[in-house]
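Here is how names work: the chains are called A, B, and so on, in the same order as the sequence lines, proteins then strands, and each is numbered from 1.
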Amino acid sequence: MDDAYLDAVLEVVAAIPPGHAMTYGGIADVVGAHLGQGGPRQVGQIMSHAGGGVPWWRVVSSAGSPPPRYLSEALRRLAAEACPLTGDGSRVDLRRAAWDPPDDVLGGPEPDNG
DNA sequence: ACCTTGACCTTGG
DNA sequence: CCCAAGGCCAAGG
């Protein structure tokens, strides 16, 4: 686990817009395609260390289910930004919330400060 | 070097 | 989607 991977994951997660969500595999695929390493497990492993610095609630499993540990809190945040949930309201409807990051999210042209 | 743990994914029923 | 079994990748003891 290099810091480059850590930064890349957090970068993508931070790029997820409100009302949308991404899967661990999706993030791992984007970051993996950029650095050529890592997997869905590594993304989750990082997320656990991430903290509140990133919109972790917009990151869900392939089933659209957020971490049971903060399930209640995640659902509240998701509902707060009008994220498309399932009938149960206990999961994210990836059929609508599924979002894919642009190709310039990682090595993209940063707006920088000046 | 071996086993276990972890905010997982895929395949098959 | 749910359950069950196998795979994948990396870190810790």
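Contact check for A/Val31 versus A/Tyr5: side-chain heavy atoms found under the 4.5 Å cut-off. Contact annotation: the side chain of A/Val59 approaches that of A/Ile27 to within less than 4.5 Å [non-hydrogen atoms, C-beta and beyond].
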Polar pairs (N or O, both sides) under 3.5 Å between protein and nucleotides 5-9 of chain C?
unit_1: C/dC9; atom_1: O2; unit_2: A/Gln42; atom_2: OE1; d: 3.3
unit_1: C/dC9; atom_1: O2; unit_2: A/Gln42; atom_2: NE2; d: 2.9

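A/Asp2 places no side-chain N or O within 3.5 Å of a backbone atom of A/Ala4 that could act as its donor or acceptor partner.
The side-chain contact (heavy atoms from CB on, under 4.5 Å) search around A/Pro68 returns none, not counting sequence neighbours. Residues meeting the side chain to side chain donor-acceptor pair (under 3.5 Å) test with A/Arg91, sequence neighbours left out: A/Asp88. Every residue two or more places apart in sequence or in another chain was checked for a salt bridge (charged side-chain N to carboxylate O under 4.0 Å, His left out) with A/Arg76, and none qualifies. Residues satisfying the side chain to side chain donor-acceptor pair (under 3.5 Å) test with A/Trp57, not counting sequence neighbours, are A/Glu81. In this view, A/Ala50 and A/Leu10, A/Val54 satisfy the side-chain contact (heavy atoms from CB on, under 4.5 Å) rule, not counting sequence neighbours.
Of the inter-residue distances, the one linking A/Asp100 atom CG with A/Met22 atom CE reads 6.0 Å to the nearest 0.5 angstrom.
A heavy atom lying under 4.0 Å from DNA chain B marks the following residues of residues 58-84 of chain A, by number: A/Ser61, A/Ser62, A/Pro67.
Residue pairs meeting the salt bridge (Lys or Arg N to Asp or Glu O under 4.0 Å) criterion with at least one member in residues 43-53 of chain A: none, sequence neighbours excluded. Within the structure, salt bridge (Lys or Arg N to Asp or Glu O under 4.0 Å) contacts touching residues 63-75 of chain A (residues at least two apart or in different chains) are A/Glu73-A/Arg77. For the side chain to side chain donor-acceptor pair (under 3.5 Å) condition, no pair includes a residue of residues 19-29 of chain A, sequence neighbours left out.
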Worked check of side-chain contact (heavy atoms from CB on, under 4.5 Å) between A/Asp93 and A/Leu85: CA-CA 5 Å; A/Asp93 190 355; A/Leu85 305 176; 5.9 Å; no
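With both ends at atom P, the span from B/dA7 to C/dG7 equals 23 Å, rounded to whole Å. On the P atoms, B/dG12 is 15 Å away from C/dC8, given to the nearest whole Å.
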Strand DNA chain B in bracket notation, Watson-Crick/G-U under 3.5 Å with | for pairs to another chain: .|||||.||||||
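Mapping heavy-atom proximity under 4.0 Å, the span of DNA chain B touched by chain A runs 5' to 3' from B/dG6 to B/dT10.
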